[in-house]
Every structure is written in C-alpha cells, then in structure tokens.
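Scroll down for the structure; my scribbles are underneath it.
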Amino acid sequence: MGLGCWHSPAAGCAEGYRILAPSLPRETWASKYEFLLSCLGYCVGLGNIWRFPYLCYRNGGGIFLIPYFIMLFIMGLPLFLMELSLGQARGLQGADLSSPSPRAGVGVAMLIVASLVSLYYNVIIAWAFYYLGSSFQSPLPWSCRAPRNADLSQVGVPRGWQSCGGCVLQNTSRTTGWVSASEVFWNEQVLGVTHSSGLGDPGPVQWPLALCLLAAWTLVFLCMLKGIRSSGKVVYFTATFPYLVILILIIRGATLEGSLSGIRFYLSSDWSRLRSAQVWSDAASQIFYSLGIGFGGLLSMASYNRFDNNVIRDTLVIAIGNCCTSFFAGFAIFSVLGHMAWKKNVPVGSIVASGPGLAFVAYPEALSLLPGSPFWSILFFLMLLTLGVDTLFGNIEGITTAILDEFPALRDWRRKTVLLGVLCTSFYLLGLLLVTQGGIFWFTLIDTYSTGFGLIIVALFMCLGIAFCYGVDQFCRDIMDMICWCPPWCSHMLGYFKVCWAFFTPCLLLVSTDVPLRYGTYKYPSWGTSLGVCMGLLTCLQIPLWATVALCRESGTLSDVSVGAAESKPPSPGQVPVCPSWAGTRVVQASGARATPGQAWSLRWPRVQECVCCCGNKAPFSRAGDVPRSAAACVCVCGGGSAGHPHAAGHHHQPGPSRGCRAVRAGMDLCHHRPGNPR
C-alpha cells in the first residue's frame, strides 16, 4: 500500500495534503455470512437462555411478548441500525482519540464498558467449563445419587414432595433449610461462597475455577489469533451449534411427562400485567442488553464490512433473529422444568429462577432427572460455552479494533498477537478476584453497574448526537449513499427510523431503569454500592470530558466540533472504496440521466450538482439509479492529472465545499485509486 494523501476541505490544495504513515490495510469479512453469523452470535448470548424465559414468566407469560416486540421496533432496531451504520460508514471504531470530541467520548465510554464486561463475562464461561468437565461422570455430581452428597445430612422429604423426584438436603455448613443437591454443589463446591461473609471477605482463589478461567481465555486467544479471519470461521460452529441444541432440547422436552404444564406456565396470559410499568421496563432492558447495544462490538464488527453493504437488511435479520431465539429457547427451558415440577409434585413457579440460578442450579437439576443425564448435561453446557464465547468475541474485537485504529502500526501480525496476548493475560489476572470464595459478590457488583445507567447514557448520547448535532436527515442520506442499490422498502424504513431517532428512542432511554443490586439475601455495604456507582460514573464522565477538551482545542459550537471531528479523520486505506478504471469520459450531469458502466462511475447523491477535486478540476455528479455496487465513491475527472496535478498512487480526492459539495464521513465520498488506474 502506497502513501495515502488526504485533502482537507478546510485547507487549500497545496497545504491540505497530509502524508499518512504506511500501515497495513484493515481486514474485511471474507463473506457477508461471516458478518451475519458473528453479529448473531454476539447478540444471542446467555441472557437469551437464562433471563428472557424468567422475565416472560414473571410478567404475564405470553402477554410479555407484546411490550417486548414493541420495544424491539421502537428502541432496539433504531439503535442497532445506528451503531452498524456508524461503524460501516466510518470504517473505524468509535474511540478516536486523535480527534477529541463528544463522539470520541462515546467511543472511550464504549471501550470502558466492553473492558468491564469482558472482565466478568469470561467467568461465566469458566463456570460452564467446570460444569462441562463435571458432566463426564455418572451419576452427575449435583444429583442426589452422587457419592459426595451422602456425606450431607439428608433429611425427610417435605410434605407433598414425591420421593422419586430426588432428595432435598440440609446445608449443614451454613444454614439449616431446604436446599437441593444442585444448589449445594453450586454454592459449596463450585463457588465456595459458603466460606465467605461478603464483599470484604473474598477468601482464597478457587483453583479449579481459576484453571477453567485460564482455559476460557486461552480459547478466546486462539480463536481470535488472526482477527476476523479466524473468528469469522469459528462462528460457523459457535453461532449455529446453540440452535441445534435448542432444537434437540425442545424435541426431548416435548416427550417428557409434565412438559405441557411447563409450557402453559411459560405462555400463560395475564392481560392485567400490561398496566404495570415494571413489565415495560423489563421489556426495554431485555431488548437493550440482549442486542449488545452500546458495548462497541457492533461498531467494530461493522467497520470490517464492505462500504456498500446493506445495513438495513442486516439489522432486521440479526435483531429479529435474536428475539425469536429468545422466544423459542423458552420452550426448551420450561418443558424440562415442567417435567421436574411434575416429578416433585410442586408448582412450576417454585423452581423457576433467573440468571446463574437458572443455568447452574435449576436446569442442571432438571437434567439430572432425565435418563442419560450426562449426555443432556454435556449438550447444555457446551451450548452455554459457545453462547458465551461468541459474545466475548464481539467485546474483545471492539477493544482490539479501537487500539489498532489508534495505533495502525500494531496491525502487523506479530505485534497484534502480542497485543491480544497482553489483553487476555491482563483480563485473566484481574478476573482471579471473581473466582475467589467471595467472587460471586464482586461478579454481581460489576455485572450490575458496568451495564447499568452508564451504558444507557452512552446509548442516549449516541442517539442525541446523531439526531440533534449531526442531523438525522443527513444521517439518513448517508445510509442511502452507502446502499448503492437501495430497494424501495429501505427508503420507507428510513423514514420510520428517522422518527424513532429524533423522539421515541431517546424518550425510552430516559425512562429506562437499572437492575437493583442484590445477590440472594446478602445486603451490600454502602462502600460497595458507592464503588459500583463510581464504576458507572467513570463511563458517563467520558462524554463531557472529551467534549470539554474538544471545545478548548477547537473553535465553533459543540455541534460544529462533533460534526467536524467525524468529517476530518482520514479513512483507513483498506476501507476506502476503490474507484475502478474507466475510459475518462465526462460524468453525466445531475439531470436524472443514468450513468452506464462504460461511461462513468459516480456516487448516488441527489442533492449535489458537482464537486471540485483537489487538483481544481470539476467532477459533475449524476443521480444514477443503476450505478454498480462497487462505485460507491466520488469520481474525479482528472484525466490522469491533466489539470496540472499529478495524482500519485493512493491519493484521496476530497470534494471541495466551495462548489456546494459538503464533505462527509471518511470513506463516503473519498476516492482511493489503485496504482496505475486511469481516472
């Protein structure tokens, strides 16, 4: 790749050139299916399995789907499209530190959130590793038939319980009460939480969990060793395998006694619940977190897309596919839980839990009651493992992309490997606190506040910045410019998204509520709550901090600084569309005529009559309706430098604002010529 030459619209031609340091080009997805599967795997995570079914049960059963899909179309889809479009049009991750602005503040805030989430999310994968390894034995160690449970004082079966449904144990090490064998296994053997008094008493490291955490980070390192080239191949398995397991569990659950009672419980309709504000709040929070909005993962993965990729189509496929996955996963969960309730002769509601309580206590106990329980346990925890790894791919990709875009010299394979190794090692060492005997208290603290109000503020400012600083109309035009062949339905959808970005989505974000901080009956100390609030404030303060720095260094209003920063950053050489060679004839004037492939190549830009290249030559534009996909670039009619300016390989031609052509995002109307190509 030759030296890139970029012309700033704010400067003259001679002074406007800046020599870009030679760097390796950005990677791109090998196919659009790798991008779709990566985004789908990133969005479809553990929350689809362990949180959505519980929320559906708690908020009126099938009635919960009404506010759930309303929130999807009013808040989820607009924010999802916004983040994908920003990443694809920009070709960069959001944390652009070289151009201080509120946009850079949003990017840094995303980077902090992604780092905090990556710190604790791999602990869940370590738990799945532990249970997966423990599943290769019969009987399962969390079943009442396990030899280990013989040492516990088994007490009489509570009234109304069938003895064939398993045993109920008395936890002699801490409290006396009715607890199941799976709960004893989870609290005492896996977590060791019974030996910790709380947040201030973490205790020693649970070394079996520490080894599982090491295996989890090693797996992430190996899968991401070659960037999207390696992770893009891994997702063909990790993104599709959970669907196979869910299908198998649904079929198996349908054959079990009592499964229909579980399904009825899952889909029971209580219309009165729609009048509860908590139901709508739960629907909004589930949509927000399950789509992975505001973490930076979508932004970074979209930045590796082709510039003319149809982001509206991808948004609909990924977001709706993610929500449908949550709905169908509920059948796999509640059919098996219904069978367990039938065997124990108790109501389904008495055994339903959310979060780790469902994935590592209630559902494993249900699996232990099935014939061939080790096989079903292996399938289930392998599914949890792939779900967690896929989501972590997106978070780590967001972190590495931000660093590589800021320091392009690190894109060399050896340096990138060292960077990835340092990141994984650092996260592993920091994560050891979360696998101590009191680690679950720290896990809950970070989980609650890292993805709480700070993440909502990030999404809110991203939405407000587009709607009121940059301009929602201009943003919609940019999306249309990216999609060279824009079907009519895409244009209609953009009108709907415009209304959401300007009004409905910001309003819903303003009224969103946080998840309360709690773990069982443990009451967090005030210093722990304060620490969590500081964690959230660390994320929020990045936006005003970088906005203040931008106002001090630049002139103009906050809106001017925000837009200017987005427009002044030169594109990455690998992301800018490449102008194909053409015969050098004039571009058709903007009169509605169509540019034929042999005649001209131009950008679909209805409001522009002509642009001026950095060489001073005018480049008329057409409103071409049938411009080929690869022509999403500004065409300069230079005639090989006939206007007196020799164009070296790698020059970017930036339209000058003096002729009515407003400069837009890097890569939107910049033309990057291949060496030797005539223009």
Side-chain angles (χ1 to χ4, degrees), residues 46 48-54 57 124-125 127-149 161-162 164-169 179-191 212 241-263 265-266 328-346 348 350-388:
L46 297 169
N48 298 70
I49 302 299
W50 73 18
R51 190 164 187 264
F52 175 82
Y54 173 78
Y57 136 71
I124 305 176
I125 301 176
W127 294 340
F129 257 124
Y130 190 95
Y131 272 83
L132 180 63
S134 301
S135 299
F136 289 91
Q137 51 186 301
S138 183
L140 292 173
W142 54 84
S143 68
C144 59
R145 299 185 302 274
R148 179 182 181 278
N149 292 331
W161 285 44
Q162 296 181 6
C164 63
C167 61
V168 178
L169 305 172
V179 292
S180 65
S182 60
E183 189 174 352
V184 172
F185 179 81
W186 166 247
N187 287 326
E188 296 190 3
Q189 186 166 334
V190 179
L191 299 180
C212 291
F241 179 74
Y243 289 95
L244 176 62
V245 176
I246 291 174
L247 179 62
I248 293 174
L249 290 176
I250 289 176
I251 296 174
R252 181 67 181 101
T255 64
L256 297 174
E257 288 285 347
S259 60
L260 288 180
S261 63
I263 298 301
F265 186 84
Y266 174 47
F328 287 108
F331 289 94
I333 299 296
F334 275 88
S335 60
V336 179
L337 292 182
H339 173 67
M340 182 171 72
W342 172 81
K343 293 199 74 172
K344 291 185 174 182
N345 194 24
V346 296
V348 179
S350 65
I351 59 175
V352 174
S354 177
L358 174 63
F360 298 104
V361 179
Y363 205 75
E365 182 182 1
L367 294 176
S368 68
L369 302 178
L370 300 180
S373 55
F375 170 75
W376 301 110
S377 181
I378 291 170
L379 272 185
F380 177 73
F381 289 110
L382 193 56
M383 178 186 69
L384 291 187
L385 183 65
T386 54
L387 286 173

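Of the inter-residue distances, the one linking F328 atom CZ with N48 atom CG reads 13.0 Å to the nearest 0.5 angstrom. With rounding to the nearest 0.5 Å, the separation of OH in Y54 from CG in L337 is 13.0 Å. We find the OG1-CD1 distance between T386 and I125 to be 9.5 Å, quoted to the nearest 0.5 Å. We find the CG-CZ distance between L387 and F381 to be 12.5 Å, quoted to the nearest 0.5 Å. The CH2 atom of W342 sits 10.5 Å away from the OG atom of S259 when rounded to the nearest 0.5 Å.
With sequence neighbours excluded, the residues forming a ring pair (Phe, Tyr, Trp, His ring centres under 6.0 Å) with Y266 are F331, F334, listed by chain and number. Residues satisfying the side-chain contact (heavy atoms from CB on, under 4.5 Å) criterion with I378, sequence neighbours excluded, are L132, S135, F136. Under the ring pair (Phe, Tyr, Trp, His ring centres under 6.0 Å) criterion, W127 pairs with W186, F360, F443, not counting sequence neighbours. F375 pairs by the side-chain contact (heavy atoms from CB on, under 4.5 Å) definition with L379, not counting sequence neighbours. Residues passing the side-chain contact (heavy atoms from CB on, under 4.5 Å) test with I246, sequence neighbours excluded: I49, I250, T325, A329, A332, M383. Residues satisfying the side-chain contact (heavy atoms from CB on, under 4.5 Å) test with S261, not counting sequence neighbours, are R264, V348.
Annotation: side chain of W376 is in contact with side chain of L249 (closest heavy-atom distance under 4.5 Å). L256 has its side chain within reach of L370: a pair of non-hydrogen atoms, C-beta onward, lies under 4.5 Å apart.
For the residue pair L367 and S377, the shortest heavy atom distance occurs at CD1-CA, 3.9 Å. Considering all non-hydrogen atoms of both residues, A146 and P141 come closest at CB-O, 3.6 Å. Of all heavy-atom pairs spanning P139 and R145, the tightest one is CG-O, 3.5 Å. The nearest pair of heavy atoms linking L140 to P374 is CD2-CA, 4.0 Å.
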Decide side chain to side chain contact (heavy atoms under 4.5 Å, CB included) for I124 and L46; before the verdict, give the C-alpha distance in whole Å, the side-chain angles of both, and the deciding distance to 0.1 Å. CA-CA 9 Å; I124 305 176; L46 297 169; 3.0 Å; yes
Could you give me the CA-CA distance, side-chain angles and deciding distance for V361 and N187, then say whether side chain to side chain contact (heavy atoms under 4.5 Å, CB included) is met? CA-CA 9 Å; V361 179; N187 287 326; over 6 Å; no
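Proximity of a side-chain donor or acceptor of W142 to a complementary backbone N or O of P364 within less than 3.5 Å is detected. In terms of modelled atom types and a separation under 3.5 Å, the side chain of E365 and the main chain of A362 share no donor-acceptor contact.
Counting only residues at least two apart or in different chains, side chain to side chain donor-acceptor pair (under 3.5 Å) contacts with residues 331-341 are absent.
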